[in-house]
Novice: 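After the structure tokens below, expect a handful of questions from me.
This one's a predicted model, so the numbers in the text were calculated from it and none came from an experiment. Computed over heavy atoms, backbone and side chain alike; hydrogens, waters and symmetry mates excluded.
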2 protein chains.
Amino acid sequence: MTGSLKLPLVRKLGAFVTFSEDELSVLTSLLQRRRTFAAGHDLMRQGQVDQTAYILIDGWVCSHKLLPDGSRQIVNFQIPGDFLGLRNVLLHASDHNIEPITQIEVSEVLISDLLEVFSRTPRLATAVLWAASRDEAMIVEHLVNLGRRDASQRMAHFLLELGARLSLVGMGGSGGYTCPLTQYLLADALGMSAVHVNRVLRQLREDGLVTFRSGHVTFDDHDRLVELAAFDPAYLDQGGPLMK
Amino acid sequence: MTGSLKLPLVRKLGAFVTFSEDELSVLTSLLQRRRTFAAGHDLMRQGQVDQTAYILIDGWVCSHKLLPDGSRQIVNFQIPGDFLGLRNVLLHASDHNIEPITQIEVSEVLISDLLEVFSRTPRLATAVLWAASRDEAMIVEHLVNLGRRDASQRMAHFLLELGARLSLVGMGGSGGYTCPLTQYLLADALGMSAVHVNRVLRQLREDGLVTFRSGHVTFDDHDRLVELAAFDPAYLDQGGPLMK
DNA sequence: CGCAACGTTGAAAATCGTCAATCGACGTGG
DNA sequence: CCACGTCGATTGACGATTTTCAACGTTGCG
């Protein structure tokens with residue numbers, strides 16, 4: 001067994017299938033073309049016709065859409081092991097922006113490489129499509145979050161989802177996790193104002209549910225938080241040994 | 001040329017590629033296993049482990065998620081030519097419900113058939129994945145709708161998107177379209193109450209923008225409606241001759 | 001005729017956004 | 001070293017949007 005089990009992507013896909021040595025080597029060969037981006041330097045912009053995809057190795061990223069009035073909606077945050085821009089590969093132009101929140105390291109994935117992987121190792125192709133399906137399921141749950149939960153429930157659900165995702169790649173435990181997101185980023189992700197984010201976080205903290213302070217999320221009462229948010233992690237499809 | 005050009009699925013995918021005769025026959029072979037469902041008889045339920053997908057031939061469908069408190073969020077409506085349940089094929093369990101709004105006719109798609117299509121005709125596989133990417137782009141835009149637009153803009157955007165989608169499969173023109181959705185369905189899709197849906201529709205009608213009455217949507221002032229909603233159809237990726 | 005589903009409207013209440021101000025941490029230039 | 005500006009977090013007051021509650025109208029159908 002190599003050190004590749006430490007790679008977030010491998011850990012994540014491991015929730016779907018167990019790879020053979022051959023598949024592992026093909027997978028890691030996808031991760032060779034490394035690049036680094038500084039926070040705020042977009043990897044991709046709305047309307048851009050560049051059909052490049054990336055795999056996030058290290059750091060945090062957000063994908064968002066900008067509206068003509070200057071406001072924006074963050075669609076999701078990406079953490080190590082996640083794909084970036086996969087949806088745009090087949091669309092004529094990118095429909096969203098991809099912006100690093102921290103300094104990041106990515107692997108560039110050429111479409112040609114991806115297609116070769118698809119034809120050579122069908123199980124790996126299936127695993128990639130599984131990850132894509134899971135990403136879509138997450139977006140759907142965010143839609144439910146915005147449409148049918150109030151601000152407190154939205155926040156609770158968001159923090160729990162992030163915790164579950166981070167656990168899967170070894171970046172968080174049941175007690176909490178480190179998180180570089182600002183209240184402005186949370187606001188744009190949860191469809192509310194930064195002021196209200198602050199109020200909601202205070203409320204959750206005073207109620208003894210979660211504490212989000214100076215870059216760290218602490219679950220003070222995980223069970224009650226799950227109940228408040230009506231959080232059912234089934235959509236994350238991570239039923240393996242890593243799920244509690 | 002056969003009569004297959006009248007098929008909504010073929011028209012839709014035609015916005016992405018032009019098919020050869022051989023590809024057309026493979027595509028239509030996917031549409032053989034016909035089934036009919038009555039309104040209200042779900043094709044699929046949350047948590048179900050059935051990995052069947054369908055292609056909608058005729059009628060209207062909605063996919064939605066139910067919350068423990070009884071409320072629901074409609075993720076999208078499907079119209080003829082759309083896939084149903086494609087995302088669930090690789091997930092361990094369905095993450096949403098699929099419910100016919102009218103009586104519908106569908107073609108059942110077996111995973112085995114789909115995989116065979118993928119290996120035999122790569123261009124067709126690409127077209128299917130394009131459609132899936134487009135569906136996801138739509139969900140993302142709905143997310144933006146819920147997160148960053150007020151009720152009037154949401155409604156305007158929704159009605160415009162539906163119009164553009166229907167045009168692509170020959171079910172609507174620039175003037176308007178026939179639409180079986182109730183105000184309750186609109187409410188669950190747009191994340192608001194049915195009462196407010198009613199008020200918003202009245203406002204849009206009195207402002208001379210759109211009229212939605214007795215199952216028919218009429219664009220009274222398409223340009224102003226587009227401006228109100230900040231509607232940019234780029235995400236629908238239907239840049240062909242059908243887009244105005 | 002009477003029920004049921006959908007549409008419509010008003011009034012009161014809750015949620016949330018906007019505006020405005022303050023504070024602490026941090027880095028930079030003088 | 002200190003002044004200054006910036007960014008993020010925080011709080012209060014006020015106002016706008018939207019929900020809830022309640023009632024009534026309309027249509028279609030058994």
Side-chain angles (χ1 to χ4, degrees), chain A residues 38-40 60 62 67 69-74 99 101-103 145-159 178-207 210-218 228, chain B residues 38-40 60 62 67 69-74 99-102 145-158 178-207 210-217 228:
Chain A
W60 290 59
C62 77
L67 277 73
D69 69 354
S71 63
R72 73 168 174 177
Q73 176 65 45
I74 293 177
E99 177 186 333
I101 292 169
T102 64
Q103 189 183 66
N145 225 9
L146 291 184
R148 287 296 177 223
R149 284 191 258 254
D150 67 21
S152 298
Q153 295 175 310
R154 281 215 286 277
M155 181 64 74
H157 194 282
F158 173 82
L159 295 176
T178 297
C179 176
L181 305 180
T182 68
Q183 294 185 354
Y184 290 87
L185 287 168
L186 292 175
D188 283 342
L190 298 176
M192 45 198 197
S193 66
V195 171
H196 204 55
V197 165
N198 187 282
R199 279 193 262 264
V200 167
L201 283 177
R202 172 160 59 119
Q203 188 65 48
L204 292 175
R205 183 179 351 110
E206 289 175 352
D207 290 349
V210 237
T211 304
F212 189 168
R213 274 209 155 138
S214 52
H216 202 83
V217 175
T218 307
L228 169 68
Chain B
W60 290 59
C62 76
L67 278 74
D69 70 354
S71 64
R72 73 168 174 177
Q73 176 64 45
I74 293 177
E99 178 186 331
I101 292 168
T102 64
N145 225 10
L146 292 184
R148 287 296 177 220
R149 283 191 259 255
D150 68 21
S152 297
Q153 295 175 311
R154 282 216 284 277
M155 179 65 74
H157 194 283
F158 173 81
T178 297
C179 176
L181 305 180
T182 68
Q183 295 186 352
Y184 291 87
L185 288 167
L186 292 176
D188 283 342
L190 297 176
M192 45 197 198
S193 67
V195 171
H196 204 54
V197 165
N198 187 282
R199 279 193 259 265
V200 167
L201 283 176
R202 173 161 57 121
Q203 189 65 49
L204 292 174
R205 186 182 344 115
E206 288 175 352
D207 289 349
V210 237
T211 305
F212 189 168
R213 271 207 157 139
S214 53
H216 202 83
V217 174
L228 169 68

Novice: Would you say a side-chain N or O of Asn198(B) is under 4.0 Å from OP1 or OP2 of dG7(C)?
Specialist: no
Novice: Quick one: pull up CE in Met192(A) and CG in Asp150(A) and give me the separation to the nearest 0.5 Å.
Specialist: 9.0 Å
Novice: What is the separation between atom CZ on Arg213(B) and atom C1' on dT8(C), rounded to the nearest whole Å?
Specialist: 10 Å
Novice: If I take atom CG in residue Asp69(B) and atom P in nucleotide dT20(D), what distance separates them, rounded to the nearest angstrom?
Specialist: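 My rounded result for the distance is 10 Å.
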Novice: For DNA chain D, whose closest nucleotide is more 5', that of Leu181(A) or that of Arg148(A)?
Specialist: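 Nearest-nucleotide comparison on DNA chain D picks Leu181(A).
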Novice: Does any residue of residues 187-196 of chain B have a heavy atom under 4.0 Å from DNA chain C, and if so, which ones, in number order?
Specialist: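 Within this stretch, Val195(B) sit under 4.0 Å of the strand.
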Novice: With no hydrogens and no angle check, is any side-chain donor or acceptor of Arg154(A) less than 3.5 Å from a backbone partner on Arg149(A)?
Specialist: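 Indeed, once roles are kept as given, a pair shorter than 3.5 Å links the two residues.
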Novice: Of the candidate nucleotides dG10(C), dT10(D), dC6(C), which contains the atom at the shortest distance from the side chain of Arg202(B)?
Specialist: dG10(C)
Novice: Can you tell me whether the side chain of Arg199(A) and the base of dT18(C) have a donor-acceptor pair closer than 3.5 Å?
Specialist: yes
Novice: Rounded to whole angstroms, how far apart are CD on Gln203(A) and C1' on dC16(C)?
Specialist: 14 Å
Novice: As a test of reading the structure: which of dT9(C), dT10(D), dT18(D) is closest to the side chain of Gln183(A), going by heavy atoms?
Specialist: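 Output: dT10(D).
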Novice: What's the separation between atom CG in Leu190(B) and atom CE in Met155(B), rounded to the nearest 0.5 Å?
Specialist: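 Nearest 0.5 Å value for the CG-CE distance: 5.0 Å.
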Novice: What is the minimum heavy-atom distance between Ala156(A) and Leu204(A), and which atoms define it?
Specialist: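 Heavy-atom minimum between the residues: N-CD1, 4.4 Å.
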Novice: Provide, to the nearest angstrom, the distance between the CG atom belonging to Leu185(B) and the C1' atom belonging to dC6(C).
Specialist: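 Answer to the nearest Å: 11 Å.
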Novice: Mind calculating the distance between CG (Leu146(B)) and P (dT17(D)) to the nearest angstrom?
Specialist: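 After rounding, the gap between these two atoms is 18 Å.
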Novice: Give, for atom CG of Asp69(A) and atom CD of Gln153(B), the distance between the pair rounded to the nearest 0.5 Å.
Specialist: 7.0 Å
Novice: Please figure out whether Asp150(B) or Tyr184(A) has its closest DNA chain D nucleotide nearer the 5' end.
Specialist: Tyr184(A)
Novice: Is there any side chain to side chain donor-acceptor pair (under 3.5 Å) pair reaching into residues 188-198 of chain A, and which pairs are they, with sequence neighbours excluded?
Specialist: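 Output for this query lists Arg72(A)-Asp188(A), Gln183(A)-Asn198(A), Asp188(A)-Arg148(B).
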Novice: dG7(C) C1' sits how many Å from Leu204(B) CG, rounded?
Specialist: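 The distance from CG of Leu204(B) to C1' of dG7(C) comes to 16 Å, rounded to the nearest Å.
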Novice: What is the distance, rounded to the nearest whole Å, between atom CZ of Arg149(A) and atom C1' of dT19(D)?
Specialist: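 One finds 18 Å between C1' of dT19(D) and CZ of Arg149(A), rounded.
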Novice: Nearest 0.5 Å, what's the CD1-CG distance between Ile74(B) and Leu185(B)?
Specialist: 4.5 Å
Novice: Among dC16(C), dT8(C), dG7(C), find the nucleotide with the atom closest to the side chain of Arg205(B).
Specialist: dT8(C)
Novice: Check the distance between dT15(C)'s P and Met155(A)'s CE and give it to me in whole angstrom.
Specialist: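 Distance, rounded to whole Å: 16 Å.
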